[in-house]
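Step one of this worksheet: look at the structure below.
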Amino acid sequence: MESGTKENTSFDADKIREHFPIFFQPENEGLIYFDSAATSQRPREVLTACNNFYEKINANAHRGAYKIAEKATAAFEAAREKTAKFIGAGRTEEIIFVRSTTEAINFVAYGWARKFIGVEDEILVTEMEHHSNLIPWQVAAQKTGARLRFLKMNENGVLPLDQLDSLLSRKTKLVAVTHVSNVLGTVNPVKEIIRAAHNVGAKVVVDGAQSVPHLPVDVVDLDADFFAFSGHKMLAPMGIGVLYGKTALLEEMEPVYYGGEMINDVDYYQSTWNDLPWKFEAGTQNIAGAIGLGAAIDFINSIGIDTIREHDHSLTEYALNELKKIKDLVILGPTENRGPAISFTLGNIHAHDLATYLDQKNIAIRSGHHCAKLVMKKFNVAATARASFYLYNTKSEIDALVHALNEAKGYFSKWR
Ligand code: C6P
């Protein structure tokens with residue numbers, strides 16, 4: 001998110017909330033949901049789209065010649081087309097449906113890296129990666145004998161790019177970088193990183209789990225080789241995710257799963273693979289999930305991703321200002337050019353205690369290491385509390401958080 005973006009006054013988060021049934025369940029009355037970085041809530045439009053699939057056209061895709069099977073196939077492929085447009089992919093077949101960001105990155109690690117990376121090579125990752133974009137590369141390095149290297153971040157949680165010259169060389173075969181940090185909120189200059197990586201012939205996999213829900217993404221403009229994201233963080237169901245890959249790379253990449261529908265021809269001892277994207281989609285897919293993702297994209301488009309970005313930005317700026325006023329509260333990460341996830345510590349109150357206290361006030365935040373232990377190590381903390389915002393959140397909810405944090409300080413001071 002760009003810093004200095006003006007608040008969009010025409011945006012009405014209260015009206016948006018009306019689309020989200022979770023906020024209207026009697027048992028959830030007063031829920032302040034500040035954990036969208038973990039998973040977003042889902043609007044009725046998405047739930048209805050999934051339900052409609054099961055109620056009206058439930059059949060397996062790409063398998064039946066009867067009417068509902070053809071409708072299921074058409075709806076599944078229409079979702080792929082919407083997804084391709086949403087992230088600016090040049091071709092629909094560059095969109096591989098997977099379960100999640102984690103699975104998408106593992107696809108690249110198994111299908112591409114194990115084939116093209118060897119003992120003389122290097123893989124460059126950053127210190128701020130989610131474990132999903134770190135562990136697959138640790139294991140790939142161990143299996144191939146390649147050297148794993150790290151792009152370091154500074155004390156503000158920013159990646160200074162002057163390190164690239166000394167880290168990138170003809171040995172670098174792959175760079176793995178998150179677009180937006182789930183802990184620090186940092187928006188990384190992925191376009192510059194990709195350009196530098198391409199200059200030495202390296203491919204780049206971008207973890208877009210925290211960017212696609214919040215900012216306009218154009219994979220062609222970025223020139224990303226692979227780009228991974230999850231549906232469940234952008235209003236879509238759980239269990240559907242996307243791996244984007246450039247056609248030429250997907251063509252040369254090995255399938256990761258073998259089985260039904262990923263074949264072209266099968267003989268006794270060998271088989272040939274289906275065209276893209278189906279070569280990578282073995283077995284029955286999450287068709288309802290893909291349709292739900294399509295509906296989520298429609299919902300986001302009906303508001304406008306730029307409008308969502310402005311709203312997120314205005315909430316984040318407001319929250320940063322208000323949180324700063326709390327004595328002993330330390331915010332991790334940059335103050336500008338950041339996504340809507342804010343990690344913090346409050347005195348010596350453990351993040352889990354804080355989250356439990358806030359839950360008593362109906363405020364849902366995340367606490368822990370956020371699957372980014374290298375970030376915790378870098379900042380020398382065991383855990384942080386994290387509040388993350390999305391289109392249904394409001395400034396008055398942030399006021400409630402700030403009020404509750406001030407109360408928590410008083411409450412926990414009694415026990416010291
Ligand atoms: N981060 C969070 O609370 P999956 O679980 O595969 O949908 O997404 C993994 C993932 C990968 N990269 C980034 C940057 C992420 O933020 C996440 C998920 C959640 O921060 C759950 S740990």
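Residue numbers run from 1 in the order of the sequence given. Remember, it's 1-based here, ligands and their atoms both numbered in the order they're listed.
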Legend entry - Rounded distance [0.5 Å steps], NZ in Lys82 versus CD1 in Ile95: 14.0 Å
Smallest separation among heavy atoms of [X] and [Y], with atom names:
| X | Y | answer |
| --- | --- | --- |
| Met238 | Asn286 | O-ND2, 3.8 Å |
| Ala224 | Ile194 | CA-CD1, 3.8 Å |
| Met234 | Val212 | SD-CG1, 3.8 Å |

Legend entry - Amino acids in close contact with ligand 1, where any non-hydrogen atom sits under 4.0 angstrom away: Ala37, Ala38, Ser100, Thr101, Thr102, His130, Ser132, Thr178, Asn182, Asp207, Ala209, Gln210, Ser230, His232, Lys233, Arg366, Cys371, Arg386
Legend entry - Result of checking His130, His352, His131 against His369 for ring-ring contact (aromatic ring centres under 6.0 Å, His included):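 Exactly one option meets the ring-ring contact (aromatic ring centres under 6.0 Å, His included) with His369, and it is His131.
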Inset, instruction - Side-chain contact test, heavy atoms from C-beta onward, threshold under 4.5 Å: evaluate it for Phe116 versus Glu252 and give yes or no. - result: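 Contact flag for Phe116/Glu252 side chains = yes.
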